[in-house]
Amino acid sequence: MRILYLHQYFKTYADGGATRSYYVAQEMVARGWEVVMITSHNKPRYEQRFIEGIEVHYLPIYYANHLGKWARIWAFARFMWQSFALAMRLPRFEHCWASSTPLSVGVTALLIKQFRGLAYSIELRDWWPEVPIQLGVINKRLWITLLKRVEKLLYQNAQNIITLSPEVTKALAQQGIPQEKLHFVPNMADIDFFASAYKPPRIFEKYNSENPLLVGYFGAMGPANGLKYYLKQIAYCQAQCGQQVRFFLVGEGKEKEALMALSKRLMLENVEFIPKSNKFEIREMMAQVQAIMVSFAPHPILQTTSPNKFFDGLAAGKLCIVNVEGWLQDLVEKYHCGIYINPLDEVALYQQLAPFLADTTLLIEAQRNALTLGKQVFSRKNLTKNLLKCLEK
């Protein structure tokens with residue numbers, strides 16, 4: 001089978017970012033399918049590469065977390081039309097797999113269907129346009145109405161709709177989407193990759209003698225991530241236990257400078273900001289912390305998210321700290337592999353961490369439970385196979 005794969009942000013281990021499309025494309029290649037990936041990069045020119053059997057076309061479209069709303073929309077629009085133009089020039093395909101965000105990737109797939117008769121499946125990595133609408137990024141009635149109509153049209157024409165969280169699956173079913181179209185396949189725990197972490201030399205060597213609890217945040221630092229709430233909780237934690245817990249915030253984003261300034265105002269000595277890293281470097285850092293944080297601003301719509309770093313934390317066997325309700329809270333509490341922190345309660349982080357500081361066996365047990373959950377429920381090998389069953393049918 002020859003597959004056209006549309007994803008604006010395709011990443012490998014050598015890149016920073018989510019690698020779900022890399023996993024899925026690898027599984028397609030392993031089954032003998034021919035995979036043509038159309039994506040983008042921040043370089044000035046178009047490139048074509050072959051990566052482990054995947055034919056990858058990189059369109060020169062700049063995108064970064066710090067961009068403003070209109071710059072992002074322009075990047076989305078450019079990718080939509082350039083990927084459509086490129087797809088129309090490429091040889092025949094049997095199916096199109098479109099992975100959003102943004103929603104415009106689905107529009108490309110719909111246009112290809114109209115002009116080439118190519119069936120498509122759409123994967124909702126984030127629930128667009130619902131997320132930007134509820135976050136207030138899109139607030140004009142005309143735009144909301146238009147995007148809702150586009151969303152409905154995409155679902156009606158899609159052969160399959162893949163969701164990454166149970167909340168989105170339920171919401172789409174309530175909207176009347178046929179159950180046979182819906183497939184829930186969450187993000188994946190890459191057990192083998194994180195098991196091969198090379199630990200020494202330790203990145204955080206200077207903290208070894210103090211033997212503190214090291215907590216890492218790995219991801220974007222934008223408005224939706226709500227890290228300012230964590231910093232205020234970290235301030236209370238520092239006041240209660242000093243340097244007994246240390247936090248590392250790894251990544252880039254629109255709010256990073258503001259967060260660093262807030263950290264300085266709060267006189268936080270237990271926080272360190274580290275530049276964005278590729279997945280190999282993330283693996284080494286994650287091997288050296290005892291816990292990972294997943295952070296989002298307190299908006300109900302963000303409870304539908306499926307953050308890849310949570311599943312990386314499971315694969316690495318770490319205590320998982322989450323500050324969103326919904327299915328992530330349910331997971332850490334049901335499987336005893338982490339803790340839920342109310343982002344609006346400044347004392348909650350310390351109160352929830354205190355038992356693990358007092359009894360290290362609790363920490364070891366939670367880490368063991370995280371790894372078990374990753375292996376038994378969110379294994380990359382199993383989930384990629386499940387994901388492709390809908391195409392094989």
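Throughout, numbering of the chain's residues begins at 1 and tracks the sequence.
Between the side chain of R20 and the backbone N or O of P186, at least one donor-acceptor pair lies under 3.5 Å. Side-chain atoms of N187 come within 3.5 Å of backbone atoms of S306 as a donor-acceptor pair (strictly under, hydrogens ignored). Not one N or O on the side chain of E123 forms a donor-acceptor pair closer than 3.5 Å with the backbone of W97. Judged by distance alone, the side chain of T169 and the main-chain N or O of S165 form a donor-acceptor pair under 3.5 Å. Side-chain N or O atoms of R31 include none that pairs as donor or acceptor with a backbone N or O of L388 at under 3.5 Å. In this structure a side-chain-to-backbone donor-acceptor pair under 3.5 Å is missing from Q303 to W327. A donor-acceptor pair under 3.5 Å is formed between the side chain of S295 and the backbone N or O of N225. Side chain of T39 to backbone of Q8: a donor-acceptor contact under 3.5 angstrom is found. Proximity of a side-chain donor or acceptor of K318 to a complementary backbone N or O of M286 within less than 3.5 Å is detected. The backbone N or O of A189 lies less than 3.5 Å from no partner atom in the side chain of S379, so there is not a single donor-acceptor pair.
A continuous path of hydrophobic side-chain contacts links I162 to L124 [ILVMFWY only; heavy atoms under 4.5 Å]. Two different hydrophobic clusters hold W74 and V105 under the rule that ILVMFWY side chains link at heavy-atom gaps under 4.5 Å. Residues L371 and L319 are members of separate hydrophobic clusters, defined by side-chain heavy-atom contacts under 4.5 angstrom among Ile, Leu, Val, Met, Phe, Trp and Tyr. At a threshold of 4.5 Å between side-chain heavy atoms, the hydrophobic network of Ile, Leu, Val, Met, Phe, Trp and Tyr places L362 and V215 in one connected group. Side-chain heavy atoms closer than 4.5 Å link hydrophobic residues (I, L, V, M, F, W, Y) into clusters, and following such links, possibly through other members, connects F10 to I122.
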Should Y155 and E151 be marked as a side-chain hydrogen bond (donor to acceptor under 3.5 Å, both in side chains) after you check the CA-CA gap, both sets of side-chain angles, and the distance that decides it? CA-CA 6 Å; Y155 295 161; E151 180 191 24; 2.8 Å; yes
Q: With side-chain hydrogen bond (donor to acceptor under 3.5 Å, both in side chains) as the test, would you mind laying out the steps for E27 and Y23 before giving the verdict?
A: CA-CA 6 Å; E27 179 63 23; Y23 298 155; over 6 Å; no
> Under the side-chain hydrogen bond (donor to acceptor under 3.5 Å, both in side chains) criterion, do D190 and Y13 qualify, and how do the steps go?
Replying inline: CA-CA 11 Å; D190 194 347; Y13 291 142; 2.4 Å; yes
Would L349 and I234 satisfy side chain to side chain contact (heavy atoms under 4.5 Å, CB included), going step by step from the backbone distance to the final call? CA-CA 7 Å; L349 179 61; I234 289 171; 3.9 Å; yes
Before you tell me yes or no, could you show the steps for D192 and K381 under salt bridge (charged side-chain N to carboxylate O under 4.0 Å, His left out), namely the whole-Å CA-CA distance, both residues' side-chain angles and the distance that decides it to 0.1 Å?
CA-CA 10 Å; D192 292 341; K381 293 180 180 178; 3.1 Å; yes
Test side chain to side chain contact (heavy atoms under 4.5 Å, CB included) applied to L363 and L213, step by step: CA-CA 10 Å; L363 177 62; L213 174 66; 3.9 Å; yes
- Query: Between I274 and M285, is a side chain to side chain contact (heavy atoms under 4.5 Å, CB included) present by the stated rule, with each step listed?
  - Reply: CA-CA 11 Å; I274 299 174; M285 286 187 275; 4.3 Å; yes
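Taking CD of E55 as the reference point, atom CZ of R49 lies at 13.5 Å (rounded to 0.5 Å). Distance check, rounded to the nearest 0.5 Å: SG of C320 to CG of N369 gives 10.5 Å. Separating the OH atom in Y350 from the CG atom in L357 is a distance of 7.0 Å, to the nearest 0.5 Å. With values rounded to the nearest 0.5 angstrom, L103 atom CG is found 12.5 Å from W127 atom CH2. If you take NE2 on H7 and OG on S83, they are separated by 12.0 Å, rounding to the nearest 0.5 Å. Rounding to the nearest 0.5 Å places CG of N342 at 8.5 Å from CG of N323.
A distance below 6.0 Å separates the ring centres of Y9 and Y63. Here the two rings, on Y230 and Y217, have centers that are 6.0 Å apart or farther. W128 and F76 have their aromatic ring centers within a separation under 6.0 angstrom.
The local environment of NZ in K140 is sparse, with at most 12 non-hydrogen atoms from other residues, nucleotides or ligands closer than 6.0 Å. Applying the 6.0 Å contact sphere to NZ of K181 captures more than 12 heavy atoms from other residues, nucleotides or ligands. Atom CH2 of W33 has more than 12 neighbouring heavy atoms from other residues, nucleotides or ligands inside a 6.0 Å radius. Within 6.0 Å of the NZ atom in K148, the count of heavy atoms belonging to other residues, nucleotides or ligands exceeds 12. Annotation: E257, atom CD; neighbour count of heavy atoms from other residues, nucleotides and ligands within 6.0 Å does not exceed 12. Around NZ of K276, the count of heavy atoms belonging to other residues, nucleotides or ligands within 6.0 Å does not exceed 12. Other residues, nucleotides and ligands contribute at most 12 non-hydrogen atoms within 6.0 Å of the CZ atom of F115.
Considering only heavy atoms from C-beta on, V24 comes within 4.5 Å of M188 through its side chain. L383 is not listed as a side-chain neighbour of F311, based on a closest heavy-atom distance of 4.5 Å or more. At least one side-chain heavy atom of L90 sits under 4.5 Å from a side-chain heavy atom of H57. In this structure, the side chains of D126 and T305 come closer than 4.5 Å at one or more pairs of heavy atoms. Q26 is listed as a side-chain neighbour of E52, based on a closest heavy-atom distance under 4.5 Å. The shortest distance between side-chain heavy atoms of L249 and M293 falls below 4.5 Å. Between Y335 and T372, every side-chain heavy-atom pair lies at or beyond the 4.5 Å cut-off. Under the 4.5 Å side-chain criterion, counting only non-hydrogen atoms from C-beta, Y236 is not in contact with K232.
A salt bridge links K279 with D312: at least one charged nitrogen is closer than 4.0 Å to a carboxylate oxygen. At a threshold of 4.0 Å, the pair R92-E94 counts as salt-bridged, since one of the basic side-chain nitrogens sits closer than that to a carboxylate oxygen.
The shortest non-hydrogen separation linking L231 to L266 is O-CD1, 3.8 Å. In plain terms, the two heavy atoms of Y62 and L67 that are nearest each other are CE2-CD2, 4.0 Å. When all heavy atoms are compared, the tightest approach of L268 to V271 is CD1-CG2, 3.8 Å. Nearest approach of L214 to Q290, heavy atoms of both residues: N-OE1, 2.7 Å. The two atoms that bring P343 and P298 nearest to each other are CG-CB, 4.0 Å, heavy atoms only. Here the closest heavy-atom approach between residue K309 and residue G17 is recorded as NZ-O, 4.4 Å.
Relative to the ring axis of F194, R283 does not place its NZ or CZ within 45° and under 6.0 Å from the centre.
Taking a 4.5 Å side-chain heavy-atom cut-off between Ile, Leu, Val, Met, Phe, Trp and Tyr, the cluster of I73 extends to W70.
Looking at Q238 and E269, their side chains never bring a donor and an acceptor atom within 3.5 Å of each other.
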